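Read the structure below first, then the notes.
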Amino acid sequence: MELTPADLHTHSTFSDGTTTLEQIAAIAGSAGMAVGVADHCGPGSFQLDSDERFRRYFEAVSRHPVYRSVELDLGREINVSRENLKRCDYLIGGVHSLGGRDFFDGAQAWTDIPGLLDGILAAIDEKARIFDFDILAHPGLLPASLRSRQSALLDSRWDQRLIGLALEHGFALEISSRWQVPSAGTIRRAAAAGVTFALGSDAHRPEQVCRLDHSLSLAAACGLTDADLFRPARQLAEKIA
Ligand SMILES: [Zn+2]
Ligand SMILES: [Zn+2]
């Protein structure tokens, strides 16, 4: 069993994280782990919501021995050009909202569950066609008010449709330490179908950076090896080692 961990999903002070780029690079260096910064990209004050903001972000991240990425909100319009986004080492997409309704707002009630589950897959499919993102963040993470029931709501038919999209578009499924999705069953089915995976802390605070305990133990339990993991093509500066 061989797994070389890389934390490909962290947030900095350029979006809603409290960790500076300097801190992220230093923590990853101490951990001896490759790290990627993927700040939120979409409309809204805490996000990278224009080409100008993206440019400042990209230049800043480029000064550190870290991968350069963003996390696109697949449920919203993206206000940064595709050409700019393609300068990243890889792109992450995650469904954080649908129809203007925020998945992280616990007060939002979702009554049309089949419509929601179809909508999530449709948003992934639509944005994958446009942006060709590399990693799907926290697959199967449902709105806050449904989260306690999400493993029951996501049946094997939904899983198969998600796996079909991953194969069709070639994106990896993230095994998220923060949100503890997807399930071991989903990972095993996806791996058997030939899907690749990525590990992510989804860190928003310094103590969360490179904390991949859940992702690593689940990946090992499902028999994944380095051959199953997505890797950015660029070599990071030797400062990491
Ligand atoms: Zn996310
Ligand atoms: Zn995130």
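Whatever order the structure lists them in is the order used to number ligands and atoms, beginning at 1. As a basis for the values below, the full set of heavy atoms in this structure was taken, side chains included, without hydrogen atoms, waters or symmetry mates. From a predicted model like this one, the values you see are computed outputs, not experimental measurements.
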(request) With Phe171 as reference, evaluate Val195, Ile135, Leu165, Thr196 under the side chain to side chain contact (heavy atoms under 4.5 Å, CB included) test and give the passing residue. (result) Leu165
(message) Measuring only between side-chain heavy atoms, which start at C-beta, is Pro143 closer than 4.5 Å to Gln108?
(response) no
(message) For the Zn ion (ligand 2), which protein N/O/S atoms fall under 2.8 Å? Skip waters.
(response) His9 NE2, His11 NE2, Glu71 OE1, Asp202 OD1
(message) Is there a side-chain contact between Asp226 and Arg231 in this structure, where contact means two heavy atoms from C-beta onward sitting under 4.5 Å apart?
(response) yes
(message) I need the minimum non-hydrogen distance between Tyr90 and Gly36, along with the two atoms involved.
(response) OH-CA, 3.4 Å
(message) Applying ring pair (Phe, Tyr, Trp, His ring centres under 6.0 Å), can you list everything that pairs with His169, at least two apart in sequence or on another chain?
(response) none
(message) For the backbone of Pro43 and the side chain of Arg76, can you confirm whether one donor and one acceptor N or O come within less than 3.5 Å of each other?
(response) no
